[in-house]
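Quick notes on the structure that follows.
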Amino acid sequence: MTEVAPSYFLVLAALLFSIGVVGALTRRNAIVIFMFIELMLNAVNLVFVTFSRMWGNLDGQVLVFFVLVVAAAEAVVGLAIILLITRRRESANVDDAHLLRW
Amino acid sequence: MNLAQEFSQPEVQLGGIAPELLLVGVALIILVVDASFGRGDNRWYLAGLSALGLAGAAALAIMTWGDNELQLSNMIAADGLAAFSKVSLAAFGLLTVLLGRDYLARDKIEESEFYALVLFAVAGMMLMTAAADLIVMFLALETFSVSLYVLVAFRRASLASHESAMKYFLLGAFSSAFFLLGIALTYGAIGSTNLYGGADPVAEPGIANFITGTPTDDLSLLIVATGFLVIGLGFKIAAVPFHMWTPDAYQGAPSPITGFMAAGTKFAAFAALLRLFDASLFPLRSEWRPLLIVLAVATMIAGSVLAIVQEDLKRLLAYSSIAHAGFVLTGVIAANDRGVSGALFYLATYGVAVLGAFAVISLVAGRDEERVLLADHRGLFYEHPLLTTALTLFLLSLAGVPVTSGFVGKLVVFGAAVEAGYTWVVVVGVLTSAIAAFFYLKVMATMFLQERDPDAPALPVGRLASGVVAVAAVATIGFGLAWSPLINAAESATIFFQSPQEQSAPIPPGG
């Protein structure tokens with residue numbers, strides 16, 4: 001079986017991260033923005049795993065678990081906050097959030 | 001094969017994280033006590049328990065004073081920076097809890113979760129200042145950020161509070177993804193995420209001992225990683241152009257929490273920044289200095305100029321806090337002992353002054369924070385001379401007028417930057433301070449020179465809140481007149497943990 005070069009994984013991770021950044025900056029729905037942010041986090045996880053294999057130690061793979069747990073904790077709080085607003089306003093569009101400006 | 005030989009049990013030392021452990025324990029106790037016995041309107045014991053926990057954490061931090069070692073497999077630094085930061089953060093937490101008690105009782109939203117979350121946040125900030133590994137730093141950053149997302153949304157009846165929490169959350173999560181990418185690239189560059197590394201650079205690599213043992217040409221990945229770490233931490237210290245969340249989050253949050261964010265988040269993120277750049281990445285200073293100088297100059301200018309047009313006092317102080325991040329950054333850029341101790345002194349005194357300012361604002365704002373505009377403070381002096389005098393004092397300190405602690409702080413960080421040869425950055429700093437003085441004076445003029453609105457309701461001033469204002473005022477004047485004890489304490493905090501190689505080659509003064 002041929003080995004896939006690590007650089008392919010890094011390029012894929014870079015692509016995923018960039019898609020996440022562009023999506024988070026251009027989308028208008030809070031839930032969708034949050035999904036793109038999760039995509040960024042998972043791109044970083046791929047970087048961790050790739051480097052872990054390159055260095056031949058397990059540190060990177062352990063770090064992935066930390067990131068997963070933190071992402072889950074963030075999702076709990078973040079979705080609760082978005083839900084609070086959606087209930088009051090019946091929309092999760094960030095452009096409707098206009099009470100605070102300048 | 002002898003298993004016992006193969007598996008050597010790691011040494012467990014909890015001295016370095018004892019304050020954090022205590023705070024988390026007390027926070028859990030508060031939640032359990034409230035769930036089991038919490039009945040009635042006057043649940044004074046919640047605030048009492050929190051205050052005891054914070055005082056205990058400060059005492060535990062003071063007990064580690066003078067330690068200089070890495071603990072828990074090089075994950076935690078028990079050193080002067082950590083000890084000084086933990087004591088300051090415990091003090092900020094104490095002021096916040098006492099102020100929050102009056103605030104929550106007035107708005108009838110007192111819940112045990114408020115106290116527990118403040119304690120969790122303080123614990124996260126403390127851990128951030130003691131982190132000697134990037135992943136610990138990340139976990140600490142998320143611990144206090146997630147707590148703060150909830151605290152910002154704590155005004156249940158206010159849609160603005162929820163909106164600000166959403167913006168803070170989305171941008172906070174966005175920035176932590178960048179911070180995490182920085183960590184991943186650091187790991188790729190050096191094979192570990194440790195800041196210092198152990199005695200043997202091959203077996204226990206870390207940023208500091210990697211740089212000393214590698215030619216500069218091989219450091220490009222680490223330099224890229226540094227850029228991403230700056231973005232992540234830049235969001236937390238509210239440096240331009242990563243400051244967009246600050247005014248919104250500060251305006252919508254309950255005033256005690258706004259003060260806590262301005263004081264605590266900034267302190268924790270700057271402590272991490274100092275450890276990362278002025279200790280671990282110090283040999284690479286020619287690479288990261290230009291980046292931080294651009295940030296500092298943009299932050300000082302944008303923060304001061306944008307504050308001028310604000311009509312909402314909380315927003316005005318938010319922009320002022322952005323400008324202050326720029327001033328502290330000059331101390332980080334200096335990267336010498338005076339810069340580090342000056343930045344710590346600045347952060348400690350700024351935190352107290354800004355907490356005091358938000359304490360007065362929360363009192364004047366009245367129920368549901370309906371009166372936070374500049375216009376609502378017209379003629380305040382004739383109704384509440386003491387409160388107005390205190391707010392004036394805090395604003396003078398923020399402006400950096402002599403006899404207040406803010407003046408001493410500015411003097412030290414700017415002096416350090418001049419010493420390091422960055423006079424032009426200091427000139428920008430002084431000019432922007434002059435611009436900043438304009439809008440502080442505008443607030444004072446509104447309070448002293450204009451007529452009080454006859455329809456303004458009387459303000460109930462709680463005893464705890466006025467106590468917080470008094471303590472903050474005394475500290476602001478006290479450290480402005482007798483600064484040497486605090487400066488000396490901050491100077492003892494500049495002895496970072498140093499790996500054996502570095503100790504043989506001490507950091508030259510002046511960088």
Side-chain angles (χ1 to χ4, degrees), chain A residues 6 10 13-14 17 20-21 24-25 30-31 33-34 36-52 54-57 59-60 62-64 66-67 69-71 73-89 92 94 96-102, chain B residues 133-136 138-139 141-143 145-150 152-153 156 158-194 205 221 228 247-252 306 309-312 315:
Chain A
L10 292 180
F17 195 86
V21 172
L25 291 177
I31 308 254
I33 294 175
F34 186 54
F36 276 107
I37 292 171
E38 292 284 311
L39 186 66
M40 291 162 71
L41 291 179
N42 284 316
V44 176
N45 281 343
L46 187 57
V47 178
F48 270 126
V49 174
T50 311
F51 280 135
S52 182
M54 279 168 68
W55 281 102
N57 64 26
D59 290 16
V62 174
L63 301 187
V64 169
F66 283 107
V67 177
V69 172
V70 166
E74 255 186 357
V76 170
V77 168
L79 291 179
I81 291 171
I82 296 172
L83 191 68
L84 263 179
I85 294 178
T86 319
R87 272 207 197 131
R88 292 274 291 266
R89 192 166 263 160
V94 287
D96 289 344
H98 56 79
L99 288 178
L100 308 166
R101 195 151 281 182
W102 278 93
Chain B
D133 194 289
L134 285 174
I135 204 70
V136 177
F138 172 70
L139 290 178
L141 185 129
E142 288 296 324
T143 307
S145 296
V146 169
S147 309
L148 284 175
Y149 299 148
V150 184
V152 169
R156 260 188 319 227
S158 159
L159 191 55
S161 175
H162 300 161
E163 265 186 18
S164 67
M166 182 176 78
K167 288 181 182 173
Y168 185 30
F169 162 72
L170 287 176
L171 287 169
F174 188 65
S175 73
S176 43
F178 281 98
F179 189 65
L180 204 58
L181 185 64
I183 298 175
L185 294 180
T186 309
Y187 174 64
I190 67 173
S192 122
T193 51
N194 208 283
L221 187 57
F228 283 109
D248 290 342
Y250 280 26
Q251 188 186 355
L306 288 175
V309 295
Q310 302 306 322
E311 289 301 320
D312 183 307
R315 261 186 120 66

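No experiment lies behind these values; they were computed from the predicted model shown. In the text below, chain A, chain B and the rest are named by the order of the sequence lines, each starting its count at 1.
- Minimum heavy-atom separation, A:V47 to B:A184: CG1-CB, 3.7 Å.
- To the nearest 0.5 Å, the span separating CE on B:M166 from CD1 on A:I33 amounts to 7.5 Å.
- With chain B as partner, the option from A:S52, A:A13, A:G56 having the largest number of non-hydrogen pairs under 4.5 angstrom is A:S52.
- Pairing each heavy atom of B:L185 with each of A:F51, the nearest pair is CD2-CE1, 4.1 Å.
- For A:L10, no part sits under 4.5 Å from any heavy atom of chain B, backbone or side chain.
- Note on B:T193, B:L181, B:V146: by heavy-atom pairs under 4.5 Å with chain A, the leading option is B:L181.
- We find the NE2-CZ distance between B:H162 and A:R87 to be 10.5 Å, quoted to the nearest 0.5 Å.
- The CZ atom of B:F174 sits 4.0 Å away from atom CG of A:L25, with the distance rounded to the nearest 0.5 Å.
- Between B:Y187 and A:D59, the shortest heavy-atom distance links the atoms CE1-CB, 3.7 Å.
- Contact annotation for A:T50: neither backbone nor side-chain heavy atoms come within less than 4.5 Å of a heavy atom of chain B.
- Of the two parts of B:L141, neither the backbone nor the side chain holds a non-hydrogen atom closer than 4.5 Å to a non-hydrogen atom of chain A.
- With respect to chain B, the highest number of heavy-atom pairs below 4.5 Å among A:V76, A:V70, A:L41 belongs to A:V70.
- When heavy atoms are compared at a cutoff of 4.5 Å, B:S158 approaches chain A solely by way of its backbone atoms N, CA, C and O.
- For A:F17, the part lying under 4.5 angstrom from a heavy atom of chain B is the side chain only.
- Residue contact with chain A, scored on non-hydrogen atoms closer than 4.5 Å, involves the backbone and the side chain of B:L170 alike.
- Atom CZ of B:F169 sits about 5.5 Å away from atom CD of A:E74, to the nearest 0.5 Å.
- When all heavy atoms of B:G191 and A:N57 are compared, the pair lying nearest together is O-ND2, 3.2 Å.
- Residue A:L63 holds its CG atom at 7.5 Å from CG of B:D133, rounded to the nearest 0.5 Å.
- Neither the backbone nor the side chain of A:V69 comes within less than 4.5 Å of any heavy atom in chain B.
- Looking at A:V44 and B:F228, their side chains never come closer than 4.5 Å, going by heavy atoms from C-beta outward.
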